[in-house]
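First up is the structure itself, then whatever we jot down about it.
In what follows, chains are A, B, ... by sequence order, proteins preceding strands, each numbered from 1. Just so you know, these numbers come straight off a predicted model, no measurement behind them.
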Amino acid sequence: MSSGSSFSPPRGMRDFYPEEMAAQNVILRTWRSVSESFGFEEYDACIVENLDLLKRKSGEDIVKQIYAFEDKSGRELALRPEMTPTLARMIAARQGALAMPLKWYTIAQCFRYERMTRGRRREHYQWNMDIVGEPSVSAEAEVITAVCAALSRLGLSPTDFVVRINDRALVAAVLASLGVDAAYHATMFLVLDKRDKTDDLAALLDNANLPPDAVQAVDQLAALRSLDDVARLIGEDAAPIQSLRELIKLLELSGLTKSVAFDMSVVRGLDYYTGIVFEGNDAKADMRAIFGGGRYDNLLKAVGGKPASGVGLGFGDVVIHDLLADKNLLPGAAPVLDVAIGYMGIEQRSIATGIASTMRAAGSSVDLGLHPEKAKQFFSRVGNGRARQAIFLGPDDLAAGEYRIKNLEDRTEKVVPFSALSPSD
RNA sequence: GCGGGCGUAGCUCAGUUGGUUAGAGCGCCAGGUUGUGAUCCUGGAAGUCGCGGGUUCGAUUCCCGUCGCUCGCCCCA
């Protein structure tokens with residue numbers, strides 16, 4: 001490590017060595033296969049985005065949180081911090097031509113310039129699923145069902161995680177019924193989001209600068225633990241109550257009862273969410289959210305398109321990686337080869353190459369030795385879980401017209417004549 | 001932006017109350033009659049003790065700075 005610092009990637013950026021790639025691919029492949037099996041279409045976009053688009057969605061302050069720069073012509077650009085503005089732009093550009101509702105997904109590398117903590121780097125891959133143009137809660141149900149399927153395929157059981165669901169419209173209705181002025185609703189969302197994460201609630205309320213009745217409302221809100229509690233306050237007929245009940249019913253039909261819960265403290269930080277919001281967490285460990293999402297009604301309009309309602313989900317690779325690693329659910333090494341082939345002298349290289357070629361054509365993964373080596377070296381190189389079977393060729397094999405293929409797990413050998421090979425077809 | 005912890009071999013870490021050539025385990029390389037993985041035996045390579053400055057006869061050790069890593073806070077995905 002003498003001069004090792006210059007070999008490190010830039011702060012917060014990540015390298016993936018082959019043995020880490022195996023674990024990374026488990027996550028990315030699961031995202032992809034779940035998306036496909038739920039009928040989402042894949043899209044992709046440029047990593048560099050117009051800074052203006054990001055500002056339009058999130059305001060000027062966002063600039064200090066992202067990797068922003070000028071190109072050589074003075075264009076203001078940025079490495080995308082998230083995918084949603086880009087998605088909105090792409091949809092707005094073809095809004096007339098696209099058949100709604102659409103279901104799109106992507107796995108996007110995103111960048112954010114900020115301080116790092118556990119579960120957060122300056123660069124990550126984020127799985128996005130969006131359903132745009134569908135106003136009913138079927139959209140929320142579909143996205144949440146899909147994300148639960150992904151967690152399940154990654155090896156988590158239904159009680160390992162919890163999806164907490166809320167509706168911003170519901171919170172707004174409750175606040176209104178408690179007499180909190182609409183002007184303070186946004187601040188109240190923030191306070192709600194924080195109240196379980198801080199140990200100094202008093203200071204938080206102080207800083208929030210809320211009127212006394214709003215401060216009182218925070219406690220009253222905390223007392224509302226179930227949807228029934230809320231329904232008693234604002235009435236069973238209230239639209240947010242109805243839609244949340246319907247969503248929960250749909251999720252129950254998909255067998256997700258154990259993983260889903262109403263929780264009024266979930267509001268999500270992003271201000272473009274307007275309706276139902278949800279967040280997935282590990283059921284035990286105190287980690288940051290595994291994923292989050294919700295309904296946005298104004299996003300398309302905000303980037304200059306026609307209004308359309310959408311539901312989106314963002315799911316980063318870092319937290320889930322740490323979580324799965326803690327539970328020993330990720331592979332620690334590169335994938336295992338079907339066959340490794342080695343040879344003692346350069347004279348055996350041709351036949352070794354022929355065997356490799358035939359086996360590869362038949363669909364096996366084969367590692368062919370790049371140079372002659374000693375038997376001991378060969379077997380210790382490939383025998384440590386790197387390959388399932390091994391073929392080692394020496395002069396005797398050539399003379400006998402056969403080779404031995406060895407099962408590296410039980411150490412048994414099988415003799416195969418060269419004539420069994422048919423390299424030409 | 002604020003605060004805590006840590007930088008010694010490829011990895012995990014000892015250690016030096018400041019004193020000759022800096023240690024272990026694991027890993028790696030070579031050998032143990034030129035055709036077989038584990039174990040075993042023998043040997044070996046490998047460190048400007050993160051970097052720079054200060055104090056000192058002498059610094060890896062003490063002090064200051066700096067860079068890097070890490071964990072929180074702020075904020076957020």
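Only the P atoms considered, B/rC62 is 15 Å distant from B/rC49, to the nearest whole Å. As rounded to the nearest Å, B/rG4 and B/rU60 have P atoms that lie 26 Å from one another. Across B/rC6 and B/rU42, the matching C1' atoms stand 38 Å from one another, rounded to whole Å. Rounded to a whole angstrom, the distance from the C1' atom of B/rA22 to that of B/rA46 is 13 Å. For the P atoms, the distance linking B/rG23 with B/rG65 amounts to 33 Å, nearest Å. Separating the C1' atom of B/rU61 from that of B/rC2 is a span of 30 Å, rounded to the nearest Å. Atom P of B/rA45 sits at a distance of 32 Å from the matching atom of B/rG58, rounded to the whole Å. Straight-line distance between the P atoms of B/rG53 and B/rU12: roughly 28 Å, to the nearest whole Å.
A/Gln65 and A/Tyr113 are not linked by any side-chain donor-acceptor pair at a separation below 3.5 angstrom, with hydrogens and angles left out of the test. A/Tyr296 and A/Asp130 form a side-chain donor-acceptor contact under 3.5 Å, judged by distance and modelled atom types alone. With no hydrogens or angles considered, no side-chain donor-acceptor pair links A/Arg295 and A/Ser243 at under 3.5 Å. Between the side chains of A/Thr86 and A/Arg80, not a single donor N or O lies within less than 3.5 Å of an accepting N or O.
Here the P atom of nucleotide B/rG37 and the CD atom of A/Gln389 are 18 Å apart, to the nearest Å. For the pair A/Glu373 CD and B/rG37 P, the interatomic distance rounds to 13 Å; values are reported in whole Å. Going from atom CG of A/Asp410 over to atom P of B/rG37 covers 15 Å, rounded to whole Å. B/rG37 atom C1' lies 17 Å from atom CZ of A/Arg388, rounded to whole Å. The CD-P distance, from A/Gln65 to B/rC74, rounds to 14 Å in whole Å.
In this structure, A/Gly292 and A/Ala387 both approach RNA chain B, and ranking their closest nucleotides by distance from the 5' end singles out A/Ala387. Taking the nucleotide of RNA chain B with the nearest heavy atom to each of A/Pro10 and A/Glu123, the more 5' of the two is matched to A/Pro10.
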B/S/- along nucleotides 29-36 of chain B (protein heavy atoms under 4.0 Å) is --SB--BB
For RNA chain B, the dot-bracket notation using Watson-Crick and G-U wobble pairs below 3.5 Å, [ ] for pseudoknot-type crossings and | for other-strand pairs, is (((((((..((((.....[...)))).(((((.......))))).....(((((..]....))))))))))))....
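In this structure, A/Asp367 pairs ionically with A/Arg381, as a charged nitrogen and a carboxylate oxygen lie closer than 4.0 Å.
Under the 3.5 Å distance criterion, the side-chain polar atoms of A/Asp338 are matched with a main-chain donor or acceptor of A/Ser365. With hydrogens and angles disregarded, no donor-acceptor distance shorter than 3.5 Å links the side chain of A/Lys406 to the backbone of A/Phe392.
Side-chain atoms of A/Tyr67 and A/Arg122, non-hydrogen and from C-beta on, do get closer than 4.5 Å to each other. A heavy-atom distance below 4.5 Å is not found between the side chains of A/Phe378 and A/Met344.
Across all strands, A/Asn407 comes closer than 4.0 Å to base atoms (heavy-atom distances). No contact: A/Arg381 has no heavy atom under 4.0 Å from any strand. Residue-level contact check: A/Arg121 touches the bases, meaning some heavy atom is under 4.0 Å from a base atom.
Distances shorter than 4.0 Å separate none of the side-chain N or O atoms of A/Arg122 from OP1 or OP2 on B/rC75.
Applying the salt bridge (Lys or Arg N to Asp or Glu O under 4.0 Å) rule to A/Arg360 yields no partners; only residues at least two apart in sequence or on another chain are considered.
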